[in-house]
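Data first, discussion second: the structure below is written as C-alpha cells.
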Amino acid sequence: MRASTAAVPPEVRAAAIARLADELGDVELAAGVVAERGDEGLDGLLGGAGAAGAATTPRWAYTLSAVPLDTLDAVVVFAFGNRVDPDGTVAPGPTNEALARVTADLVAARPMAVFAQWEVARPLATEGGPGVVSIEPRVADDGTVVYLSTAGVAEAAVALAAEAGVAPHRVGMLAVADHARRAQLTARAVGLAADVPTGVALPTSYDPDSGQPWTRDRHAYVLADLQGR
C-alpha cells in the first residue's frame, strides 16, 4: 500500500465522500470517516488512484448481490460483536440475537443446513432452528481461546459444507448489513458463493456495550472495515 504525506486534493476528498455516502446512505457518516482517516490514511486507502479510484474501487463497495431462497441448500451466518460479562464470560449479545431471529425465519421458510458462528448458533438453538452447526473458536495449546475472524468462519463453513455434501454455489450468507459485504468477499475468496437470500432484511443495529469496540457504532465499524479491506 502506498502512503503519502502530501495533502489529498479537494476533488479527491469530495469524490471519496460522495462514493461512501452513496454506498452507506449517510453523507454525514461518509464525511466523518473521510475526515478521520486524514490525508495519509485516505491516500493509502485509495492507493494513490485519485478521484477516479474513489469512485470505482471495489474495496469500498457495500452493495450486495442476492439470490432466490430456493437456490440455496445451506447458509453460513457471521456473528458481529459480543457481550463480556463482569466475570469475563463472553455472551452473544443483542446483535447476534437479532441475527439468530433472521436465521430462524429463513429456515422456517426453507429448511436447510445452517453453519453459524457460535455467538449466533447459541441463541438460534433457543429459536428451534433445525440443523444448526456451531462454528466454535479454536483453543490454543496453552488453553487460551483464539479469536475467530471473518476469514476463520468462512474457512470453517467451506469444510462443513463439503462434509454435508453441499455444493459451494448453493451456500448463502447472513450477517449484519454493514458487515455483509466484507463477509461476502471473504467467503468468496475461499470458494463459497455467499449471496444473501432475496427478500431478507439483514440487521442494521449496533450494540454500544459490545465487547469489541469496533462493533459498538457504525462510524467505528466502517473505519475498521475500510482499513481491513
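Just so we're clear, the structure is a prediction, and the values are computed from it rather than from any experiment. All values below were derived from every heavy atom in this structure, side-chain atoms included, with hydrogens, water molecules and symmetry-related copies excluded. All residue numbers refer to positions in the sequence shown, counting from 1.
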Open item on the list: Measuring only between side-chain heavy atoms, which start at C-beta, is L72 closer than 4.5 Å to P197?
Closed with: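 Counting from C-beta outward, L72 and P197 do come under 4.5 Å.
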
Task: 4.5 Å side-chain heavy-atom contact, V34 and L20 - done: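 Yes, side chains in contact.
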
About how many Å separate [atom2] of [Y] and [atom1] of [X], when rounded to the nearest 0.5 Å?
X	Y	atom1	atom2	result
L64	D195	CG	CG	8.5 Å
N82	T89	CG	OG1	11.5 Å
L124	W118	CG	CH2	14.0 Å
L106	L174	CG	CG	5.5 Å
L192	T186	CG	OG1	11.0 Å
E136	E119	CD	CD	8.5 Å

- [ ] Would you sort out whether L42 and R13 count as a side-chain contact (heavy atoms from CB on, under 4.5 Å), showing the intermediate values?
- [x] CA-CA 8 Å; L42 181 58; R13 186 172 297 278; 4.2 Å; yes

Task: Residue pairs, two or more places apart or on separate chains, that pass salt bridge (Lys or Arg N to Asp or Glu O under 4.0 Å) and touch residues 204-228 - done: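 Sorted pair list: R83-D207, R83-D209, D178-R218, R182-D225, D225-R229.
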
Task: Audit row: T95, T215, side-chain contact (heavy atoms from CB on, under 4.5 Å) steps and yes/no - done: CA-CA 10 Å; T95 303; T215 64; over 6 Å; no

Open item on the list: Quick one: does any side-chain atom of S210 pair with a main-chain N or O of G81 as donor and acceptor, under 3.5 Å?
Closed with: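 Judged by distance alone, no pair lies under 3.5 Å.
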
Pairs touching [range] that satisfy side chain to side chain donor-acceptor pair (under 3.5 Å), sequence neighbours left out:
range	answer
residues 155-173	D73-R170
residues 47-57	none
residues 22-34	R19-E23, E23-T63

TODO: Going by the side chain to side chain contact (heavy atoms under 4.5 Å, CB included) test, name the single residue among V171, V190, V153, V76 that passes it with V158.
DONE: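 Exactly one pass, corresponding to V190.
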
- [ ] Go through Q117 and S134 one step at a time and tell me if the side-chain contact (heavy atoms from CB on, under 4.5 Å) criterion holds.
- [x] CA-CA 6 Å; Q117 196 166 344; S134 180; over 6 Å; no

TODO: Would you please test V222 and Y62 for side-chain contact (heavy atoms from CB on, under 4.5 Å) and show each step?
DONE: CA-CA 10 Å; V222 171; Y62 283 84; 3.8 Å; yes

Open item on the list: Any donor-acceptor pair under 3.5 Å linking the side-chain atoms of H179 with those of T150?
Closed with: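 Note: T150 and H179 side chains meet the donor-acceptor criterion.
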
Task: Any pair counted as ring-ring contact (aromatic ring centres under 6.0 Å, His included), so long as it reaches residues 199-219, sequence neighbours left out - done: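 Residue pairs passing ring-ring contact (aromatic ring centres under 6.0 Å, His included), neighbours aside: F80-Y206.
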
Open item on the list: Checking R181 now: which residues fulfil salt bridge (charged side-chain N to carboxylate O under 4.0 Å, His left out) with it, not counting sequence neighbours?
Closed with: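 Here no residue qualifies.
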
